[in-house]
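Per chain, numbering begins at 1; letters A, B, ... match sequence-line order.
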Amino acid sequence: MSHLSEQEIIRRNYLEEIRSMGIDPYPHAAFPVNMHAADIKDGFAINPENFTSVTLAGRLMMKRIMGKAAFAELLDCTGKIQIYLNRDELCPTEDKSLYNTLFKKLCDIGDFIGIEGYAFTTQTGELTVHVRSFHFLAKSLHPLPVVKVDADGKVHDAFLDPEARYRKRYVDLIVNPFVKDIFVKRAKLISYMRRYFDDHGWLEVETPVLQSIHGGAAARPFKTHHNALDMPLFLRIANELYLKKLIVGGFDGVYEFGKMFRNEGMDRTHNPEFTSVEIYIAYKDYIWMMEMVEDMLEKVIAQINGTCESQIGDNLINFRKPYRRLSMFEAIQEYTGFNVEGKSEEELRIFCKSKHIELDDSMGKGKLIDEIFGELVEEHLIQPTYITDYPIEMTPLAKKHRSKEGLVERFELYINGKEIANAYTELNDPIDQRQRFEDQLRLAERGDEEAMVLDEDFLQALEYGMPPTSGLGIGIDRLTMLITGQEAIQEVLFFPQMKSVKE
RNA sequence: GAUCUGUUAGCUCAGUCGGUAGAGCAACGGCCUUUUAAGCCGUGGGCCUUGGGUUCGAGUCCCAAACAGAUCACCA
């Protein structure tokens with residue numbers, strides 16, 4: 001703390017003046033809050049008699065002082081409410097210092113105060129708490145941005161610089177009410193999903209974040225080191241293999257909400273740590289999983305938004321089931337007019353070149369088809385759509401398709417042009433699984449940094465026998481973006497990763 | 001990682017052709033017993049992101065760096 005602004009110095013001086021009045025600017029005792037701002041706003045018009053003695057606490061956000069009377073705004077966890085203070089009612093004796101000195105002079109915007117009083121409506125129709133007693137609860141030493149909303153709902157002096165908002169999220173939360181709403185919806189999303197899973201009897205579990213082998217996905221990991229064991233460890237890129245081991249162990253349904261860590265680029269849809277939910281259900285296949293996912297999303301989103309719809313940019317997304325199902329080949333046919341089925345690698349390359357898709361020599365047929373899909377189809381999948389049946393090369397943990405040669409039983413759920421969920425009929429044939437890992441090893445030898453690592457312990461688990469199982473992963477951050485209408489992942493993370501600022 | 005844009009008071013932003021830095025809010029002082037975007041009147045407040053350069057003179061022009069945003073690449 002090298003340089004203090006004029007306003008910061010003044011607040012520190014006020015802190016000492018409060019002490020010199022014999023008042024503790026950071027009191028210890030609990031304050032007996034019995035009401036929130038929203039309770040009064042919701043209930044006063046119906047039952048005003050319930051609001052003759054309300055005790056509120058929160059931040060002082062605005063002072064309008066008119067001599068012996070003053071209006072102020074109090075912000076608590078439910079929002080703002082106006083309060084009214086009258087000098088001679090607050091200070092009936094000769095000593096007017098509580099009003100004149102403590103409130104008028106030494107209370108700054110941002111300070112925490114507690115009040116007791118009764119609710120009434122002013123001549124201008126504003127619901128207000130008439131203060132009978134006033135208590136100082138905590139001093140704020142930094143000035144807050146002062147954001148005002150006028151009668152037309154127009155915001156003045158908005159605090160909107162993304163860097164400032166993300167680096168000081170607490171200020172963002174204090175000053176921008178819409179930010180809180182996003183995180184409340186995020187919490188509800190996780191809570192309602194958890195309830196849906198629990199109601200079906202599936203078990204919430206926790207698996208290791210620190211892993212000696214980073215399996216279960218194709219991505220570059222963060223590396224760390226355990227000192228006592230003197231061994232390298234990785235932060236998990238996925239929890240898939242551990243969850244399947246629990247299915248081997250005899251649970252019929254397990255799920256985990258948790259952070260995954262990927263050492264890759266950051267942008268408005270990627271943060272190095274992100275939250276996923278993965279769920280594995282025994283004796284099911286990917287067709288069953290599609291039905292479960294659309295049922296769950298319809299119910300959960302209706303509970304959160306009060307409707308199955310969500311507006312994102314220009315698109316109104318409807319989450320009502322059933323969702324459209326298209327195989328990857330059908331989707332490519334529909335959006336490009338090109339049929340990839342039965343085509344040779346050379347024919348696929350010619351098509352890619354005609355569409356100006358960038359290629360490199362290492363790409364096989366599966367990767368080429370994936371490129372075509374990613375470049376030409378994804379952006380068109382606005383309403384919830386299941387894309388099914390992927391080329392086997394890209395998907396080492398999924399079971400070969402029951403009837404289509406060269407494909408696996410996999411679906412991804414696309415919404416608003418982005419992948420939201422990924423699911424398989426899980427591969428439970430340990431011999432096949434070993435071969436698939438070995439194929440990945442060959443990719444790694446050719447320099448693919450994201451190729452999956454062979455996990456001997458996982459293979460051994462499969463050798464003990466895993467029931468037929470379907471598994472699913474959903475990106476919670478991206479789903480939150482969809483239901484809150486946000487287009488940047490940073491808006492749905494309290495503390496998105498930022499570069500450190502050099503002093 | 002690439003390209004473009006931005007960084008000026010606590011906050012939101014102006015700043016013309018290169019000539020000693022501006023507004024509103026916030027702060028400070030005064031007046032004021034139901035106001036409301038900010039009650040009224042007045043006053044103070046600046047490492048113009050950082051470092052170089054051009055120039056008699058740089059917030060402004062040039063070069064570099066830091067951080068951020070947008071677009072792209074990679075991924076979920």
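In summary, the side chains of Thr93(A) and Asp95(A) do not present any donor paired with an acceptor at a separation below 3.5 Å, with no hydrogens or angles considered. Remark: the Ser53(A) side chain and the Glu116(A) side chain contain an N/O donor-acceptor pair separated by less than 3.5 Å. Looking only at atom types and distance, the side chain of Arg169(A) has no donor-acceptor partner in the side chain of Gln490(A) under 3.5 Å away.
With respect to the salt-bridge test (charged N to carboxylate O, under 4.0 angstrom), the residues Lys259(A) and Glu273(A) qualify. Electrostatic pairing of Asp439(A) and Arg442(A) counts as a salt bridge here, judged by a charged N lying under 4.0 Å from a carboxylate O. A salt bridge is absent between Lys399(A) and Glu409(A); no separation between the charged side-chain nitrogens and carboxylate oxygens falls under 4.0 Å. Salt-bridge annotation for Glu163(A) and Lys499(A): absent, with no side-chain N of the basic residue lying under 4.0 Å from a carboxylate O of the acidic one. Taking the charged nitrogens against the carboxylate oxygens, Arg19(A) and Glu16(A) do have a contact shorter than 4.0 Å, which makes a salt bridge. Taking the charged nitrogens against the carboxylate oxygens, Glu240(A) and Lys244(A) do have a contact shorter than 4.0 Å, which makes a salt bridge.
The base-pairing partner of rU54(B), taking Watson-Crick or G-U wobble contacts with both distances under 3.5 Å, does not exist among the strands shown. With a 3.5 Å ceiling on both atom-pair distances, rG45(B) lacks any Watson-Crick or G-U wobble partner. The partner of rC74(B) cannot be assigned: no Watson-Crick or G-U wobble pair with both contacts below 3.5 Å exists in any strand. Using Watson-Crick or G-U wobble geometry with both donor-acceptor distances under 3.5 Å, rA21(B) finds no partner in any strand shown. Both distances falling under 3.5 Å, in either a Watson-Crick or a G-U wobble arrangement, place rC40(B) opposite rG30(B). The pairing partner recorded for rU5(B) is rA68(B), the criterion being a Watson-Crick or G-U wobble arrangement whose two distances lie under 3.5 angstrom.
The residue Asn263(A) sits apart from the nucleic acid: no heavy atom pair falls under 4.0 Å. Residue Asn422(A) is out of contact with every strand shown, counting any heavy-atom pair closer than 4.0 Å. Across all strands shown, Phe120(A) has heavy atoms under 4.0 Å from base atoms, whether or not it also approaches the sugar-phosphate. Lys367(A) comes within contact range of the sugar-phosphate backbone alone, with a heavy-atom separation under 4.0 Å but no base atom that close. Across all strands, Phe159(A) comes closer than 4.0 Å only to sugar-phosphate atoms, never to a base (heavy-atom distances).
Gln82(A) has its CD atom 8 Å from the C1' atom of rU34(B), to the nearest Å. In this structure, the CD atom of Gln497(A) is 12 Å from the P atom of rG69(B), given to the nearest Å. Rounded to an integer number of Å, the gap from CZ of Arg167(A) to C1' of rU7(B) is 13 Å. Counting to the nearest Å, the C1' atom of rU12(B) and the CG atom of Asp172(A) are 15 Å from each other. The nearest whole Å value for the distance from the CG atom in Leu4(A) to the C1' atom in rA9(B) is 15 Å. Between the P atom of rU35(B) and the CG atom of Asn86(A) lies a distance of 14 Å, rounded to the nearest Å. Straight-line distance from the NZ atom of Lys68(A) to the P atom of rU33(B): 4 Å, rounded to whole Å. Atom CD1 in Ile9(A) sits about 10 Å away from atom P in rG46(B), given to the nearest Å.
rU7(B) sits 34 Å from rG29(B) when the P atoms are compared, rounded to a whole Å. Rounded to the nearest Å, the gap between the C1' atom of rG57(B) and that of rA38(B) is 40 Å. A gap of 8 Å separates the C1' atoms of rA21(B) and rG46(B), to the nearest Å. rU71(B) and rA9(B): their C1' atoms are spaced 33 Å apart (whole Å). A gap of 12 Å separates the P atoms of rC47(B) and rC11(B), to the nearest Å. When the C1' atom is used for both rG19(B) and rG15(B), the distance is 14 Å, rounded to whole Å. The separation of rC67(B) from rU50(B), taken at their P atoms, amounts to 16 Å, rounded to a whole angstrom. When the C1' atom is compared between rG6(B) and rG59(B), the two are found 14 Å apart, to the nearest whole Å.
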In 5'-to-3' order, the base (B), backbone-only (S) or no-contact (-) status of each nucleotide in nucleotides 23-31 of chain B, using a 4.0 angstrom heavy-atom cut-off, is -BSBSSS--

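Ranked by how close their nearest RNA chain B nucleotide is to the 5' end, Pro145(A) and Gly125(A) are led by Pro145(A). Heavy-atom distances to RNA chain B give each of Val149(A) and Glu264(A) a nearest nucleotide, and the one nearer the 5′ end belongs to Val149(A).
For the OP1/OP2 pair of rU71(B) and a distance below 4.0 Å, the side-chain nitrogens and oxygens of Arg268(A) include at least one atom meeting the criterion.
The cationic atom of Lys63(A) (NZ for Lys, CZ for Arg) lies less than 6.0 Å from the six-membered ring centre of Phe103(A) and within 45° of the ring axis.
A glycosidic torsion no more than 90° from 0 defines the syn conformation, and rC17(B) adopts it.
Evaluation of atom-type donor-acceptor distances gives no pair under 3.5 Å for the side chain of Asp267(A) against the base of rC72(B). With hydrogens and angles ignored, no donor-acceptor pair closer than 3.5 Å exists between the side chain of Thr124(A) and the base of rU34(B).
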Yes or no on side-chain hydrogen bond (donor to acceptor under 3.5 Å, both in side chains) for Asn239(A) and Glu256(A), after CA distance, side-chain angles and deciding distance?
CA-CA 8 Å; Asn239(A) 51 0; Glu256(A) 179 175 13; 2.9 Å; yes

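Checking rU36(B), rC67(B), rG10(B) against the side-chain heavy atoms of Lys499(A) singles out rC67(B) as nearest. Side chain of Glu126(A), nearest nucleotide from rU34(B), rU35(B), rG10(B): rU35(B). When distances run from any side-chain atom of Arg64(A) to the nucleotides rA38(B), rA37(B), rU33(B), the shortest one goes to rA38(B).
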Name the pairs: protein N/O against N/O of nucleotides 40-42 of chain B, kept only if under 3.5 Å.
none

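Taking the six-membered ring where the residue is Trp, Phe494(A) and Phe183(A) present parallel rings, their angle staying beneath 30° rather than reaching 60°. Between His130(A) and Tyr118(A), the ring planes lie parallel to each other; the angle is under 30°, not in the 30° to 60° tilted range.
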